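Encoded as structure tokens, the structure appears first; notes follow it.
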Amino acid sequence: MNAAGVGEHMDLPGPVKASEKLEAPEIELETALRKTVNVRVCSTLRLLVTIRGRPQPEVKWSKEGGILSERAQIEVTSSYTVLLIENVNRDDTGKYVLTVENNSGSKSAFINVRVLDSPGAPANLEVKEVKRDSVSLSWETPLIDGGAKILHYIVEKREEARKAFTSVCSCCVRNSCKIDNLQEGSFYYFRVLAVNEFGTGLPAETPDAVKVSEAPPPPGKITLSDVTCNSARISWEKPDHDGGSKIIYYIVEMQAKGDDTWTTCSESKALEATITRLAKGKEFFFRGEQYDFRVIAKNSAELFSAPSETTGPVTVQHDVEPPKITMEDKFRQVVTVKAGELLRIDAAISGCPNPTVIWMKNGRNIGAKGRIEIIATRTHTSLLVKESVRKDSGQYTLTLQNTGGTASKVITCKVLDRPGPPAGPLEVSGLSAEKCSLSWGPPHETGGAEIMHYIVEKCETSRVSWTLLYDNMMATTCKIVKLVKGNEYLFRVRAVNKYGEGETLESEPIRAADPFTIPSAPLDVEVTSASTDAMTVCWKRPSSDGGSRINGYVIEKREKQGVRWTRVNKKPVYDLRVKATGLHEGCEYEFRVFAENSAGLSEPSLPCLLTLAEDPKFLPSPPAKPSIVDSTRSSVTLSWNKPLFDGGAAITGYKVEFKKSEEDEWTVGVHNTDKTEFTVTGLTSGAEYIFIVRSMNKIGISEPSPETDPQNTEMYKAFTLISLLILLLLLRVID
């Protein structure tokens, strides 16, 4: 086409298919992005990268070795993509990877970003060595240096009881530091902070408090004593110091002759230990082998000392002496002591090897703890009970044991004190709404004196104060009166001797109530007879009397149209029936009954059915035996008289029934006819039939009348004619 118009067209050689031109994705990084991108902390990081590709590639930004910050904002167009992170911090330092991908392939590029900030926390802070007054620390360079060289480190300490750290070294240029002049036995926390040109970084802190202590020195001189035929006692001197932590126990080790291995044979918190099972005639022979011994101390910092010097062999002695106990005369009688004073039992002891001392009370072993102290030496033992109390009374047994035998002595001790609680439980019996009885036993611990009397008190659970009931009760039982029904009470009793009032024995809470409940409601209330002004009501006893004998019954009535129930009887009825009088003729009444015992009235029974106040009506009596007055081949005519008794209501009709002589089932001829004669039709010719009649009033249907004689429907008429002929002949003869 030109200015002159449109030229001729030219046809293409073939069909042309429309399709998009494919181009593999490309990433163009600017020169600044090919180097490390430095950005100051709290500023904004913006990475703009040009991209190409057809179709438009998908863009994905990621951070190598970590997760892309939630603050990162990504923008993507057909020609470029932007990663924007505002308010950057040291955690945003790293290598960011850009990946573009389409159907023609994928392309990736990375950009190194360094946030110029103070460094991160030093890595792997460790406590290398702990001594009595110093601690050595080591650490590694922070993983994040903040984009600048680490200049130095700051080392700080903090006592466990304090909250603030204090500087130990403010310019440490190495990755280790020794902290001196620490308080022996104290607990410390330590932390290290790296410093670069941008400031002080995050701290690395020891997770647990470090106790400043070291292993104690070895125990001192070891001494062997009390060597017998099968045992020996080893004692040693305490180490010069405990290394800054308390020594918790000592380990005694032994080594077989000719063996390089040491094994533990005893552990002791004291400065001595007894080794048993020595073989007679040998030098420390256990199971035929010769042994040597040494001692190691351990402190509360779980640090072990070096082993002490060894003992060397010692010849086993052969003498054996059975144990012996010698006591003063006063311990042969009952030992008495006032409460609060020191109870002391002393005894001289002997025996070889040294006997084991065992103290027991009332057959049970007792140890040195609390108020009890036990002293035992080679020649003497004492039992001391400080600030004695009543429960320290009893029989104490001293037993000595060694290889030569056993010896025992029993000492009876009595602590004079106020009595213990009365023997329980405090039983409550005979409980009712107003009174009860209490009983208890004498105290097991009398306090070394006779029980003079008892004090009895009560307390309502809704109150705090106790009320005195008896202050000089000589017996172990008493009666409590004037209780308030329904209130809950506690009772307590305490014994009194010449030393004062003892501990109390308290009862469980009880409620002042009768031990029985109201009975259940009477059953099956019904009216058995009625007249115009009275009705007889009957019922059955309740299923439960509530634990107390039924004292009587209360009956109530209500008219059909009434709302209120009224009493029938003023006084309780003892029989299971009552006659309700003063009724109004023609009114309908219902009745209900209450049972009464010592706890009160029961719930009311279910009301009986409504009953009309009128003279009684009954079923009528049956008619007399019906007579047959006529018969045809298919019918029979019956006649009967009215019944003698109409049941107190007018006869409303009669019901006629019949059946064949050989059958058992009756067929109704008529359901209700008001006449005294009826013809039954539709009978079978030549069959014998029996008939009955029932009378009816408004109450119901009577019993059946006597059955008629069997009647043949064809023969009756013939018999009737013959009877008439005979009658006529007789009349002629008479004439």
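All figures in this text were calculated on a predicted structure; none of them were measured in a lab. All residue numbers in this chain count up from 1 along the given sequence.
The closest side-chain heavy-atom distance from Leu137 to Val155 is below 4.5 Å. Side-chain contact between Val415 and Val389 is absent, with no heavy-atom pair separated by less than 4.5 Å. Contact of the Ile251 side chain with the Glu253 side chain is registered, since non-hydrogen atoms from C-beta on lie closer than 4.5 Å. Looking at heavy atoms from C-beta onward, Ile345 lies out of side-chain contact with Val335 at the 4.5 angstrom threshold.
No more than 12 heavy atoms of other residues, nucleotides or ligands shown are found within 6.0 angstrom of CG on Leu143. Within a 6.0 Å radius of NZ in Lys409, other residues, nucleotides and ligands contribute 12 heavy atoms or fewer. Heavy-atom neighbours of Lys414 NZ from other residues, nucleotides or ligands within 6.0 Å: at or below the threshold of 12. Applying the 6.0 Å contact sphere to CG of Asn362 captures more than 12 heavy atoms from other residues, nucleotides or ligands. The environment of CZ in Arg492 is crowded: more than 12 heavy-atom neighbours from other residues, nucleotides or ligands sit within 6.0 Å. The number of heavy-atom neighbours closer than 6.0 Å to CD of Glu434, taken from other residues, nucleotides and ligands shown, is 12 or below.
For the pair Arg158 and Phe165, the cation-pi criterion (under 6.0 Å, within 45° of the ring axis) is fulfilled.
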**Request:** Apply side chain to side chain contact (heavy atoms under 4.5 Å, CB included) to the pair Cys436 and Phe491, showing each step before the final yes or no.
**Result:** CA-CA 11 Å; Cys436 68; Phe491 301 96; 4.0 Å; yes
**Request:** Apply side chain to side chain contact (heavy atoms under 4.5 Å, CB included) to the pair Ser138 and Glu126, showing each step before the final yes or no.
**Result:** CA-CA 5 Å; Ser138 69; Glu126 293 181 354; 4.1 Å; yes
**Request:** May I have the step-by-step check of side chain to side chain contact (heavy atoms under 4.5 Å, CB included) for Glu321 and Ser350, ending in yes or no?
**Result:** CA-CA 8 Å; Glu321 179 185 344; Ser350 62; 3.9 Å; yes
**Prompt:** Please walk me through it: do Ser408 and Thr397 pass side-chain hydrogen bond (donor to acceptor under 3.5 Å, both in side chains)?
**Reply:** CA-CA 7 Å; Ser408 296; Thr397 304; over 6 Å; no
**Asked** How far apart are the C-alpha atoms of Thr476 and Ser439, what are their side-chain angles, what is the distance that settles it, and do they pass the side chain to side chain contact (heavy atoms under 4.5 Å, CB included) test?
**Response** CA-CA 6 Å; Thr476 57; Ser439 61; over 6 Å; no
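Taking OG1 from Thr412 and CZ from Arg332, the interatomic distance works out to 14.0 Å, rounded to the nearest 0.5 Å. With rounding to the nearest 0.5 Å, the separation of OG in Ser136 from CG in Asp180 is 8.0 Å. Here OG1 of Thr141 is found 4.0 Å from OH of Tyr153. Values are rounded to the nearest 0.5 Å.
Tyr188 and Lys157 share no donor-acceptor pair across their side chains, judged by distance under 3.5 Å alone. Under 3.5 Å, the side chains of Trp359 and Thr381 contain a donor-acceptor pair of N or O atoms. In summary, the side chains of Ser235 and Glu272 do not present any donor paired with an acceptor at a separation below 3.5 Å, with no hydrogens or angles considered. Between the side chains of Ser429 and Ser437, no donor N or O sits under 3.5 Å from an acceptor N or O.
For Glu501 against Pro419, the heavy-atom pair with the smallest separation is C-CD, 4.4 Å. In plain terms, the two heavy atoms of Val135 and Val130 that are nearest each other are CG2-CG1, 4.4 Å. The shortest non-hydrogen separation linking Met327 to Leu398 is CE-CD2, 4.1 Å. The shortest heavy-atom contact between Ala273 and Ser268 is CB-CB, 4.2 Å.
Salt-bridge formation is not detected for the pair Lys178/Glu129: no Lys NZ or Arg NE/NH1/NH2 atom is positioned less than 4.0 Å from an Asp or Glu carboxylate oxygen. Looking at Arg191 and Glu156, a side-chain N of the basic residue comes within less than 4.0 Å of a carboxylate O on the acidic one, giving a salt bridge. The existence of a salt bridge linking Asp417 and Lys338 is excluded, since no basic side-chain nitrogen approaches an acidic carboxylate oxygen closer than 4.0 Å. Of the charged side-chain nitrogens involved, at least one lies within less than 4.0 Å of a carboxylate oxygen, so that Asp346 and Arg344 count as a salt-bridged pair. Ion pairing between Glu506 and Arg494 fails under the 4.0 Å rule for side-chain N and carboxylate O. Under a 4.0 Å N-O distance rule, the pair Lys386/Glu373 qualifies as a salt bridge. For Glu387 and Arg371, the salt-bridge test fails: no basic side-chain N is under 4.0 Å from an acidic carboxylate O.
Side-chain atoms of Tyr250 never come within 3.5 Å of backbone atoms of Ser266 as a donor-acceptor pair (strictly under, hydrogens ignored). For the pair Asn497 (side chain) and Gly448 (backbone), a donor-acceptor distance under 3.5 Å is absent.
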